[in-house]
Amino acid sequence: MVASAHLFCLVALTFTLALAVDHTPLQDFCVAHPKSQVLVNGLACKDPTLVEANDFFFRGLHLAGNTTNPVGSKVTPVTFSQLPGLNTLGISLARIDFAALGTNPPHTHPRATEILNVIEGTLEVGFVTSNPGNRHVTKVLQKGDVFVFPVGLVHYQRNLGSANAIAIAALSSQNPGVVTIANAVFGAVPDIASDVLAKAFQLDKHVVPNLQSKF
Ligand code: MN
């Protein structure tokens with residue numbers, strides 16, 4: 001009885017861990033098929049005999065993203081969508097450009113841990129632990145510094161400098177996903193009822209439609 005309970009716990013734990021990251025590949029590669037209509041967890045594989053070097057290649061991360069937008073930052077992703085050879089490999093990359101005082105606003109990646117390397121400028125970064133602590137773990141990073149944002153936690157970056165800043169981020173999923181908190185909550189389509197948001201954010205009910213109109 002005790003042994004079977006332990007076995008059950010072990011199986012349950014293993015199952016949970018297996019779902020916490022992308023699945024392990026069962027073959028050398030599975031380059032995303034550009035036109036397959038097959039719906040699988042990831043994308044269907046291109047015929048391996050037709051795979052070429054360009055399937056494992058992306059050019060353009062030397063190019064600055066356009067930060068002329070309300071938050072003053074731009075993420076240039078390199079996921080399986082831009083680099084089909086990443087399909088099933090459980091990893092991806094992004095370049096993040098920041099205008100002076102630009103912010104990559106609070107967001108989460110439901111499927112990935114993110115490790116970030118500042119290659120230009122000075123960034124304030126932070127993440128918040130889950131309930132009930134909600135501890136804000138924050139640090140100011142200089143060029144060459146590296147910081148990690150654990151999977152699923154809300155995190156952000158802000159450029160403290162008066163010049164542009166650049167970071168490169170690696171993520172532990174071919175498709176990390178992004179949930180930008182403000183957009184998800186105030187920009188949901190159709191709207192979340194203003195009563196719900198007024199209570200959740202302890203706002204005057206009349207402020208909510210104004211916030212919703214911005215997203
Ligand atoms: Mn991120």
Side-chain angles (χ1 to χ4, degrees), residues 17 19-23 41-42 58 60-131 133-161 163-188 201 211 214-215:
L17 292 176
L19 289 180
V21 295
D22 288 7
H23 291 266
N41 189 19
F58 171 88
L61 226 50
H62 61 301
L63 300 172
N66 181 0
T67 58
T68 309
N69 57 56
V71 293
S73 76
K74 178 68 179 180
V75 177
T76 305
V78 187
T79 69
F80 72 102
S81 299
Q82 293 78 29
L83 202 165
L86 283 175
N87 192 41
T88 76
L89 295 185
I91 193 169
S92 58
L93 199 65
R95 170 181 171 136
I96 314 168
D97 285 279
F98 301 85
L101 300 176
T103 296
N104 186 13
H107 64 278
T108 77
H109 305 291
R111 292 177 290 277
T113 287
E114 171 179 348
I115 184 166
L116 177 135
N117 174 22
V118 179
I119 60 173
E120 200 61 65
T122 301
L123 293 182
E124 173 195 349
V125 304
F127 65 81
V128 180
T129 64
S130 54
N131 300 355
N134 295 143
R135 182 176 167 211
H136 179 201
V137 178
T138 180
K139 190 162 176 69
V140 174
L141 305 181
Q142 309 294 342
K143 180 175 179 173
D145 290 352
V146 175
F147 198 82
V148 65
F149 306 101
V151 58
L153 299 187
V154 173
H155 61 279
Y156 67 90
Q157 301 102 28
R158 172 164 71 134
N159 180 9
L160 295 180
N164 292 349
I166 309 169
I168 299 289
L171 297 114
S172 62
S173 170
Q174 69 175 43
N175 184 22
V178 187
V179 179
T180 304
I181 307 303
N183 301 59
V185 170
F186 293 104
F201 289 84
L211 283 168
K214 293 183 193 302
F215 293 94

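Counting convention: from 1, in listed order, for ligands and their atoms alike. Atom set for the values below is all heavy atoms of this structure, side chains included, hydrogens, waters and symmetry mates excluded. Start at 1 with the first residue, then count along the sequence.
Among heteroatoms of the N, O or S kind in His107, NE2 lies nearest the Mn ion (ligand 1). For Glu114, the N, O or S atom with the smallest separation from the Mn ion (ligand 1) is OE1.
Using modelled atom types, no side-chain atom of Thr113 and backbone atom of Ser172 make a donor-acceptor pair closer than 3.5 Å. Counting only distance, with no hydrogens or angles, the side chain of Arg95 and the backbone of Ile166 share no donor-acceptor pair below 3.5 Å.
Residues Gln157 and Phe149 form a side-chain contact, since some pair of their non-hydrogen atoms from C-beta on lies under 4.5 Å apart.
With no hydrogens or angles considered, a side-chain donor-acceptor pair links Asp22 and Ser173 at under 3.5 Å.
With the Mn ion (ligand 1) as vertex, His109 NE2 and His155 NE2 subtend 100°, rounded to 10°.
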